[in-house]
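Just below is one structure, and these are the notes that go with it.
Per chain, numbering begins at 1; letters A, B, ... match sequence-line order.
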Number of protein chains: 2
Amino acid sequence: MSIDADQMKAGSQRLRVTISDVSEALGLTKSTVSRALNGYADISESTRLRVRRAADKMGYRPLSHAQAIRTGRTKSLGLVIQMADHDAQRPFLAEFLSGLSQGASEEGWTLTIAASDSPETTFETFRTMIADRKADGFILPRTMSDDPRVKLLRASGIPFVLFGRCEDPAGCAWYDVLGEDAMQDAVRHLVALGHRRIGFINGGMQYTYGHLRREGFLTAMAEAGLKIEPEHMRENAVTIRDGEGRAHEILGSSPAPTAIVCAVDMAALGVYRAAAARGLQIGRDLSVISYDGIQDGAHVTPQLTTYSVDYTHSGRRLSALLIRRVMGEPVETLRETAQARFLNRGSTGPPA
Amino acid sequence: MSIDADQMKAGSQRLRVTISDVSEALGLTKSTVSRALNGYADISESTRLRVRRAADKMGYRPLSHAQAIRTGRTKSLGLVIQMADHDAQRPFLAEFLSGLSQGASEEGWTLTIAASDSPETTFETFRTMIADRKADGFILPRTMSDDPRVKLLRASGIPFVLFGRCEDPAGCAWYDVLGEDAMQDAVRHLVALGHRRIGFINGGMQYTYGHLRREGFLTAMAEAGLKIEPEHMRENAVTIRDGEGRAHEILGSSPAPTAIVCAVDMAALGVYRAAAARGLQIGRDLSVISYDGIQDGAHVTPQLTTYSVDYTHSGRRLSALLIRRVMGEPVETLRETAQARFLNRGSTGPPA
DNA sequence: TTCCTTGCCGAAACCGGTTTCGTACCCAAG
DNA sequence: CTTGGGTACGAAACCGGTTTCGGCAAGGAA
């Protein structure tokens with residue numbers, strides 16, 4: 001048994017087939033094999049095919065860190081998770097990571113992650129990851145209006161891709177879901193139901209999405225000819241507690257709105273609480289439409305009507321875009337947006 | 001501006017100080033510098049110091065992937081997240097990752113993660129990560145009773161560390177929180193309050209923790225001379241929905257228990273719902289003690305009394321242990337356990 | 001036929017480290 | 001004064017790839 005283990009270990013070590021093994025088996029040199037596999041023009045099509053087939057048959061897989069020493073590319077994507085955002089991103093972190101990982105591994109890349117406890121250490125984390133070449137590029141979730149991470153990476157010349165858009169698009173590739181369209185649609189939906197007094201609880205205004213969703217809300221309100229009541233507008237609500245507090249403030253005004261649009265689901269769950277505390281029944285006395293599509297929204301009564309974002313898909317697209325960015329594609333061709341999916345559940349109805 | 005960027009880029013490229021830069025600056029050879037920095041015995045103390053200081057002053061940082069090609073070690077820890085566990089692990093995934101990342105980066109290592117959608121692809125994911133040397137070792141969360149991951153890694157001779165214990169300890173290092181002690185303590189707490197009929201809703205029995213927590217519960221019940229009612233025992237509840245269903249089953253029996261111990265917080269939140277549906281007030285009509293310490297437990301009324309696990313610390317310890325394992329320490333010295341912290345909040349009281 | 005391309009591949013340097021091996025030097029013992 | 005054994009370092013191979021450069025042979029133009 002110990003012998004078996006040793007043999008197995010020695011075997012798997014010795015059995016790892018290197019580029020030299022392939023070249024010797026074919027009577028070619030390493031350089032030819034390398035260039036054949038990497039699609040250089042000075043290799044004949046027949047040789048390229050011969051090499052490709054032999055490599056596959058022999059099970060040759062280049063070691064990415066061996067390539068890295070010459071190419072400078074590790075084939076790994078970096079993600080720095082900010083602990084401060086935990087509460088806000090907890091609901092979809094798993095899906096997001098899964099998507100990123102899928103997108104990376106589909107191309108044979110990996111995902112390297114680091115966590116930082118505070119905004120200050122975030123910077124340091126990026127610095128060391130960059131200095132040590134831990135990643136060829138970075139995914140930046142939760143784009144901020146004046147994002148220090150963007151500045152740092154731009155200055156360092158390190159590729160990156162945003163989850164969210166950015167005012168100054170220089171050097172920025174991104175993927176984003178059009179929250180402003182969802183907010184517009186939400187208002188239209190409520191207006192169609194007959195609502196005239198609609199409140200808005202926005203998310204974090206340090207993020208770009210805060211301004212975009214605000215615009216979307218305001219646009220649709222103006223479009224419907226509805227007046228904006230400052231009493232019905234709140235922002236920076238990203239947790240249940242935040243949402244609960246803002247909802248109480250809004251519902252305490254008079255006349256109170258008959259519907260509230262929330263920029264994030266967590267805040268909407270807070271609205272549920274405030275409503276319960278005030279004896280208001282969601283969907284009948286107060287309509288709520290939100291955004292994100294977190295799991296918990298399906299576990300409250302009535303189920304939360306929301307615009308659902310596919311975070312797995314978002315992650316996958318972000319990885320794909322970042323890889324193309326690292327490989328040299330210009331940022332202009334690496335900007336994608338998508339629409340959130342409307343989940344029309346039970347939290348809306350005609351005004352009481 | 002483009003010139004600045006070029007200079008900066010060229011600068012940072014050229015400025016990266018290699019081992020040769022250090023050796024030339026000192027009038028030594030690469031090999032001497034390398035051995036000095038790596039603590040070889042055939043380097044004089046004075047030289048070692050001189051090298052160490054020069055390297056620090058020059059800001060020399062070895063490239064881990066350059067070292068890897070010779071040493072075989074990437075200095076990276078692997079984690080494969082199973083999508084199937086998402087719902088169960090969602091509440092603490094962020095903290096856990098953060099801890100793992102901290103523990104790794106404290107030693108200059110990194111965390112490489114991959115996600116797998118199904119149990120089948122999990123295996124494949126491990127295989128490719130191993131084959132491509134993406135990680136020097138793996139962290140295995142959610143240890144199962146007959147864990148296929150353990151078999152694979154054992155057979156491959158790849159280091160790993162478990163989050164959770166394991167029946168067959170051969171080759172297994174681990175970190176675990178003693179859930180069985182918490183379950184015992186929970187029962188004692190309830191007994192001290194006067195409860196005689198205590199139910200138990202266990203978590204997933206495919207995991208080792210399921211059996212351990214069951215033992216803990218049974219031990220304390222026997223110790224208190226209380227009878228085990230099969231009607232009051234349920235298992236495999238890891239989501240709110242699960243817990244809700246199990247609670248209804250248990251509470252539908254007669255006589256129903258006056259208290260329920262849950263192996264996981266998510267299930268306990270389900271108990272809250274079932275209780276609400278039945279007009280039972282938690283803490284007065286029904287006592288609940290649970291385990292995990294998830295955030296949501298502080299957001300229900302009354303707050304959930306639970307045994308809180310520090311997932312950040314767990315992650316940090318796991319990384320530290322795995323690194324030592326990769327560096328060659330025998331598994332016997334790499335087994336740590338800790339106690340969960342009792343959060344005595346509002347969900348218990350004397351029996352009605 | 002000669003010269004010049006062009007296509008295709010080999011030889012060797014290179015990337016940034018680590019590790020093996022050889023050896024000069026110093027000191028003590030014979 | 002030679003000899004033997006450490007000590008401390010240099011030289012060079014090595015890890016697994018990539019990339020530059022040069023050259024040979026075939027083919028076309030002069």
Which part of the nucleic acid, if any, lies within contact of T47(B), taking any heavy atom under 4.0 Å across all strands shown: a base, the sugar-phosphate backbone alone, or nothing?
sugar-phosphate
Looking at T32(B), I'd like to know whether one of its side-chain N or O atoms comes within less than 4.0 Å of OP1 or OP2 on dG10(D).
yes
Nucleotide dC15(C), atom P - distance to CD1 of I69(A) in whole Å
9 Å
For dC9(D), does either OP1 or OP2 sit under 4.0 Å from a side-chain N or O belonging to S44(B)?
yes
5' precedence on DNA chain D between I19(A) and L28(B) (nearest-nucleotide basis)
L28(B)
Output yes when a side-chain donor or acceptor of R52(B) lies under 3.5 Å from a complementary backbone atom of D56(B), and no otherwise.
no
Below 3.5 Å, does any donor atom in the side chain of D42(A) face an acceptor in the base of dC8(C), or the other way round?
no
Starting from C1' on dC9(D), measure out to NZ on K30(B) and report it in whole angstrom.
16 Å
Indicate, with a heavy-atom threshold strictly under 4.0 Å, whether S31(A) touches base, sugar-phosphate, or nothing.
base
Would you call D132(B) and R61(A) a salt bridge, using N to O less than 4.0 angstrom?
yes
Counting the atoms with a prime plus P, OP1 and OP2 as sugar-phosphate, which does S34(A) contact under 4.0 Å by heavy atoms, base, sugar-phosphate, or nothing?
base
Taking 4.0 angstrom as the limit, do E45(A) and R48(A) come out as a salt bridge?
yes
Looking only at the side chain of R35(B) (C-beta and beyond, no hydrogens), which of the listed nucleotides dT19(C), dG17(C), dG16(D) gets closest?
dT19(C)
The answer to which of I43(B) and N38(A) contacts DNA chain D further toward the 5' end, by nearest nucleotide, is I43(B)
Is there a donor in the side chain of E24(B) and an acceptor in the side chain of S20(B), or the other way round, less than 3.5 Å apart?
no
Are any of the side-chain nitrogens in R165(A) or D176(A) under 4.0 Å away from the carboxylate oxygens of its partner?
yes
Let me know the distance between OH of Y40(A) and P of dC21(D), rounded to the nearest Å.
12 Å
Roughly how many Å is it from CD in E45(A) to P in dC8(C), rounded to a whole number?
10 Å
With respect to the phosphate group of dG17(C), does any side-chain polar atom (N or O) of Y60(B) fall under 4.0 Å of OP1 or OP2?
yes
R70(A) CZ to dG17(C) P, straight-line distance once rounded to whole Å
15 Å
I need the NZ-P distance between K75(A) and dT18(D), as an integer number of Å.
9 Å
When rounded to whole Å, the NE2 to C1' distance for the pair H65(A) and dC15(C) reads 14 Å
Starting at atom CG of L63(B), determine the distance to atom P of dC14(C), rounded to an integer number of angstrom.
19 Å
Closest to the T29(B) side chain: dA11(D), dG17(D), dC9(C)?
dA11(D)
